[in-house]
There are 2 protein chains.
Amino acid sequence: MTEAAIQQIRRFNRLVTRRVGALDQSYLSRGRPLGEARLLFEIGQGGADVRELRAALDLDSGYLSRLLRALTAQGLIAVEKGRDDARVRRVALTALGRAEVAAYDRLSDALARSFLEPLAPPERERLLAAMAEIERLLSAGAVAVACEPADSADATWCLERYFAELARRFDEGFDPAKGAAAGVEAMNPPHGWFFLARLDGRPVGCGGLARLGAEAGEVKRVWTAPDARGLGVARRLVAAIEAQAREAGLSTLKLDTNRALKEAQSLYRKLGYVETARYNDNPYADHWFEKRLSRPARG
Amino acid sequence: MTEAAIQQIRRFNRLVTRRVGALDQSYLSRGRPLGEARLLFEIGQGGADVRELRAALDLDSGYLSRLLRALTAQGLIAVEKGRDDARVRRVALTALGRAEVAAYDRLSDALARSFLEPLAPPERERLLAAMAEIERLLSAGAVAVACEPADSADATWCLERYFAELARRFDEGFDPAKGAAAGVEAMNPPHGWFFLARLDGRPVGCGGLARLGAEAGEVKRVWTAPDARGLGVARRLVAAIEAQAREAGLSTLKLDTNRALKEAQSLYRKLGYVETARYNDNPYADHWFEKRLSRPARG
DNA sequence: GTCATTCTCTGACTTTAGTCAGGTAACGAG
DNA sequence: CTCGTTACCTGACTAAAGTCAGAGAATGAC
């Protein structure tokens, strides 16, 4: 990581905060403090629970309460008791509020347009492509992998998506109860471990490790959310699983996969897994892989 | 300019302000309000005039005065009367101040590093390349071309650089008094016009138009500052000159150029200028170009 | 030297942003 | 029904950021 690279990034940061930061200034043009404007924006056309807003904007509950009252006084929002849980208050835009949010939207659009307008068409293409690239790479950098219970809410969410995707993609469909049905317990200590990948707190992938015996473990349920593919999420999940396996003293990792999951097979090959003989009776498995782990580095 | 493009840019803006905005938070870790930290950073190793600081950070003079006093009280800066003009006060960092700025520099570096660290080397390359691209294209978009007197301070600055560059690049050297010596008056109304390109207020290029008669004009002194090359500055200057020429009822533009200025020749060709016979006795000219202008669009 | 202008500082504000310690109502487990 | 918890509100703060009018010194044009 050279000095020049650091300087390039710092230059980029300065330029971009300056240019993009102009948005804050233009938001002020509507005569409302930024805090209120941001809150209004966050509420959005669909409305939101006060609780969500507090989490999303990281505001003190007293402070948020006052902001909401200010917006109510301006006739932009209406706050009412939640239906399911009367403690949780629900915020919705009034007609006036919707118009106001639309106005802020136009300001955002205008800024975006001002980036494109002075450019010739081929340069526009390149700007958009470079932005997409940066978005992708910065997101990839912000993905965090952590071990957590395989039956946590987010883990369950991931597994459900995973099973749904298998059901869609396997020629033969997929029934979790029938498949590698080793349940969630197999991926919780002491039998195994489960990892979640998160992007800004939102789960974007998962993967589990289950002991097969004293020496071997199995890589299971490695999945990446569709909108986070291409960020190296699966690669990092497998890396976390391998690190855990070494830590636990396992020397071999095995895994199986279905013929429909081409990208999984190519990932495993790339990561050093080699195809091997059938080692289980999973009815959905068509390919079996194995990798010998090197001894853990000692500190 | 499609809706999708606008949305892409807005997504980029959101992501980048979030990620890069983390810098503000980390600046706070030094226990100093952001306003003071930014000011300290802006003063920089070289020091600055209070006037410059006020312009750069767009601060109220009373507010700035108080911030400076706070930093002085912390022993970070020293403010003294300016040498040339005793009204303009000069701010310099103390040893303690330099150490503090260095600490903020390290925070900036750490953020930059945190973008790179999670990425594999080829992805790092791509991130840096994309950042450079965006920097280039956003800068290009922010270049503003405007007509102004050819003897303004910034115009003079540009012309001096231009002449210095010619002196360096021409085999035969360059003496402004001898060359196409038609002075500055030829490029001021009513004989002509002079255009400056600015990036964030800083001049980054110039170009002039001088009448050669009732029908023809001459493109002169088109120059781009070295650090702004590749942004299409010259192209936009020539476009402004051509628009002005049409407006003034001219039907032909001529120009001469030296054999050393290859990139100028290729630009002019690309913009529709065709090489023609010598039309003046400029001793530094080796090539002469001409372009017929289409009639101005009527509104 | 006069006078308008420029640059900065001071004092007296306001607004925005944010924090903290209760307090109340609703909920959910027992 | 009780009781601990959650979600939100209220009041009473503080700190940061920003504004404005006016004063005083230095400057430059005349």
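In what follows, chains are A, B, ... by sequence order, proteins preceding strands, each numbered from 1. The structure displayed is predicted, hence computed values, not measured ones.
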ask   = Roughly how far, to the nearest 0.5 Å, is CZ of B/R14 from CG of A/L23?
value =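 Answer for the CG-CZ pair, A/L23 versus B/R14, is 10.5 Å.
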
In whole angstrom, what separates [X]'s [atom1] from [N]'s [atom2]?
X: A/L39; N: D/dC8; atom1: CG; atom2: P; answer: 13 Å
X: A/R69; N: D/dC9; atom1: CZ; atom2: P; answer: 9 Å
X: B/L67; N: D/dA16; atom1: CG; atom2: P; answer: 11 Å
X: A/D49; N: D/dC8; atom1: CG; atom2: C1'; answer: 12 Å
X: A/E52; N: D/dC8; atom1: CD; atom2: C1'; answer: 15 Å

query = Which part of the nucleic acid, if any, lies within contact of B/L34, taking any heavy atom under 4.0 Å across all strands shown: a base, the sugar-phosphate backbone alone, or nothing?
reply = sugar-phosphate

key: Basic-acidic side-chain contact under 4.0 Å: A/D109, B/R10   =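 Answer for the salt bridge query: yes.
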
query = Should B/R202 and B/D154 count as an ion pair when the cut-off is N to O under 4.0 Å?
reply = no

query = Partners of A/R18 by side-chain contact (heavy atoms from CB on, under 4.5 Å), sequence neighbours excluded?
reply =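 For A/R18 the side-chain contact (heavy atoms from CB on, under 4.5 Å) partners, ignoring immediate neighbours, are B/D200.
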
message = Please identify the 5'-most and 3'-most nucleotides of DNA chain C with any atom under 4.0 angstrom from a heavy atom of chain A.
response =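 Nucleotide range in contact with chain A: C/dT16 to C/dC27.
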
inquiry  = I need a per-nucleotide contact map over nucleotides 19-30 of chain D, read 5' to 3'. Cutoff is protein heavy atoms under 4.0 Å; write B for the base, S for backbone only, - otherwise.
reply    = BB-----BS---

Can [X] and [Y] be counted as having a side-chain donor-acceptor contact under 3.5 angstrom?
X: A/Q74; Y: A/E36; value: yes
X: A/R54; Y: A/Y63; value: no
X: B/Q8; Y: A/E135; value: yes
X: A/Y104; Y: A/R32; value: yes

message = I want to confirm an ordering. Mapping B/R51 and A/E36 to their closest nucleotides on DNA chain C, which one lands closer to the 5' end?
response = B/R51

